[in-house]
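Down below is the structure, laid out as structure tokens.
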Amino acid sequence: MRIALKPAIGATMIALAAMSGAASAAPLDTLYFTQTSGFSNPVIEFNGGPQGLTLAYNGPIASPPGSTNTVEQLAWTSNHPTVGNGNTSSLTIESYDSSSSPNADVDGWNAGDWFRIDKLFQENQVLAVPSGVANPNPLWIANILGNFRVFSDAGFSTLLKDDLDSVTTVKYWETTNTAGCAGSPNPLGSVCDDIYTVMELSLAPISFILDGYKYEISFRLEPGATTLVCDGSPVPACLAEAGAQPGAGELFKVYAAEGFDSEIFVAAAWTATKIPEPGVLGLLGIGLMGMGLSARRRKATAA
């Protein structure tokens, strides 16, 4: 039995040694990214006519690095001929790279670091509309197209992975702008919270393989000041207001306090995991199988 066991042990030891040697190759310490996001022009839907609201597209984005026909900002203005006050509310997308992100530091974008890649900034003004004319829900529906690229160098010249034209679909409810908020939730308790409802969102992880490692990049939302995200989880402010949580076909709702500027961020982090070589796994499997067979033979002989 000792002789039969030696080849199995030998194969196992070779496999373990190979795995140990392969593990000595280290993953990259730092990755680098660029992000370019914008609103698709035109929007899917705009319903501000009866209220005298007009929509403008500001800050065209070059393609590349952005998607075709995208802009940095949507702005809607109270332009009713008799009651319009000329105030403008807007939603602006500011995109970052790994050096300009608010989280950037001297160490760079290392494994486990959450770096913000996008900021959605709303300037929220009280818009005058005719009395008795309901504000439409939604005022607009728009696609946001994102272009995320990962590089191995600070000069953004060696591309490792890209995720282009990823789609986030948002609908926006410009509420009554008056106390009481008839017909709409008001979980932040402002004069009347405005509401974004996210219908489609590309936050799924992306991955690539380099030099025997699998790199996976994850994304998440981070609400800023005067912003609340209700995603179905038991957040007290979301549970306290009827209708505050997302409904059927909705991923989550974002509440922006009336009369205040608000922000919401998209952030990204990455991990690297060693991928065992197929040949090494085969050797290890043969070795373990041989050891198992030898053990069974030894038991049978003993019996």
Side-chain angles (χ1 to χ4, degrees), residues 31-49 53-77 88-102 109 115-123 136 138-174 196-208 215 217-222 249-252 254 256 263-268 270:
L31 295 179
Y32 305 86
F33 70 83
T34 63
Q35 168 77 344
T36 308
S37 295
F39 296 99
S40 184
N41 178 7
V43 297
I44 298 171
E45 187 177 312
F46 181 70
N47 302 305
L53 301 176
T54 56
L55 184 67
Y57 302 87
N58 301 320
I61 297 172
S63 174
S67 299
T68 303
N69 296 327
T70 54
V71 296
E72 296 174 349
Q73 183 187 79
L74 296 180
W76 49 104
T77 302
T88 297
S89 290
S90 61
L91 184 63
T92 305
I93 300 176
E94 182 178 351
S95 296
Y96 306 111
D97 60 37
S98 48
S99 62
S100 64
S101 171
W109 191 38
F115 271 33
R116 290 173 172 177
I117 64 173
D118 275 326
K119 176 176 75 172
L120 277 74
F121 173 77
Q122 185 191 3
E123 185 177 1
L139 174 62
W140 52 257
I141 302 176
N143 282 337
I144 298 173
L145 302 181
N147 294 271
F148 187 72
R149 297 173 174 89
V150 182
F151 301 85
S152 62
D153 63 300
F156 309 120
S157 60
T158 305
L159 181 67
L160 300 176
K161 177 69 176 180
D162 58 20
D163 184 31
L164 306 180
D165 297 326
S166 62
V167 178
T168 299
T169 303
V170 178
K171 67 178 182 179
Y172 176 76
W173 185 1
E174 177 72 45
Y196 299 90
T197 302
V198 178
M199 313 299 293
E200 181 181 353
L201 178 64
S202 297
L203 287 182
I206 61 173
S207 63
F208 62 92
Y215 293 81
I217 302 166
S218 301
F219 303 91
R220 73 182 185 190
L221 291 177
E222 297 180 350
E250 301 173 348
L251 296 180
F252 57 87
V254 180
E263 300 172 334
I264 187 167
F265 300 89
V266 180
W270 63 275

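Quick caveat: nothing in here was measured; it's all calculated off a predicted structure.
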Shortest non-hydrogen contact from [X] toward [Y]:
{"X": "Phe33", "Y": "Phe156", "answer": "O-CE2, 3.4 Å"}
{"X": "Tyr57", "Y": "Val43", "answer": "OH-N, 3.1 Å"}
{"X": "Ile61", "Y": "Gly38", "answer": "CD1-CA, 3.7 Å"}
{"X": "Val170", "Y": "Trp140", "answer": "O-CZ3, 3.7 Å"}
{"X": "Arg149", "Y": "Pro65", "answer": "NH1-O, 3.0 Å"}
{"X": "Phe121", "Y": "Glu263", "answer": "CD1-CG, 3.7 Å"}

| Glu250/Lys171 ion pair, N-O < 4.0 Å |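 Yes, Glu250 and Lys171 are salt-bridged.
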How many angstroms lie between atom [atom1] of [X] and atom [atom2] of [Y], to the nearest 0.5 angstrom?
{"X": "Trp270", "Y": "Phe219", "atom1": "CH2", "atom2": "CZ", "result": "14.0 Å"}
{"X": "Ser67", "Y": "Leu164", "atom1": "OG", "atom2": "CG", "result": "7.5 Å"}
{"X": "Ser152", "Y": "Leu31", "atom1": "OG", "atom2": "CG", "result": "8.5 Å"}
{"X": "Gln122", "Y": "Tyr196", "atom1": "CD", "atom2": "OH", "result": "3.0 Å"}
{"X": "Trp173", "Y": "Thr197", "atom1": "CH2", "atom2": "OG1", "result": "8.5 Å"}
{"X": "Asp165", "Y": "Ser40", "atom1": "CG", "atom2": "OG", "result": "9.5 Å"}

| request: For the residue pair Gln35 and Ser37, confirm or rule out a side-chain donor-acceptor distance under 3.5 Å. | output: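 The answer is yes; a qualifying pair exists.
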| Can you find a side-chain donor-acceptor pair between Asn147 and Thr36 that sits under 3.5 Å? |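 Distance-only check fails for Asn147 and Thr36.
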Side-chain touch [X]/[Y], heavy atoms, less than 4.5 angstrom:
{"X": "Leu139", "Y": "Leu55", "value": "no"}
{"X": "Phe252", "Y": "Leu221", "value": "yes"}
{"X": "Asn143", "Y": "Thr168", "value": "no"}
{"X": "Thr169", "Y": "Ile44", "value": "yes"}
{"X": "Phe208", "Y": "Ile217", "value": "yes"}
{"X": "Ile117", "Y": "Tyr96", "value": "no"}
{"X": "Ile206", "Y": "Phe148", "value": "yes"}

| What orientation do Phe115 and Trp109 show, parallel under 30°, tilted 30 to 60°, or perpendicular over 60°? |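 Ring orientation, 0 to 90° scale: tilted.
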| said: Go through it in stages, so that I can follow the logic: the residues are Asn58 and Thr92, the test is side-chain contact (heavy atoms from CB on, under 4.5 Å), and I'd like the CA-CA distance, side-chain angles, deciding distance and then a yes or no. | reply: CA-CA 9 Å; Asn58 301 320; Thr92 305; over 6 Å; no
| Taking the six-membered ring for Trp, are Trp76 and Tyr172 ring centroids under 6.0 Å apart? |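 Aromatic pair counts; centres sit under 6.0 Å.
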| request: Just do the side-chain contact (heavy atoms from CB on, under 4.5 Å) check on Phe39 and Leu91 with the steps written out, would you? | output: CA-CA 10 Å; Phe39 296 99; Leu91 184 63; 3.6 Å; yes
| said: Donor-acceptor check, side chain of Ser101 to backbone of Ser98, threshold 3.5 angstrom: yes or no? | reply: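 No.
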| request: Applying side-chain contact (heavy atoms from CB on, under 4.5 Å), run through Val167 and Leu145 and close with a yes or a no. | output: CA-CA 5 Å; Val167 178; Leu145 302 181; 3.6 Å; yes
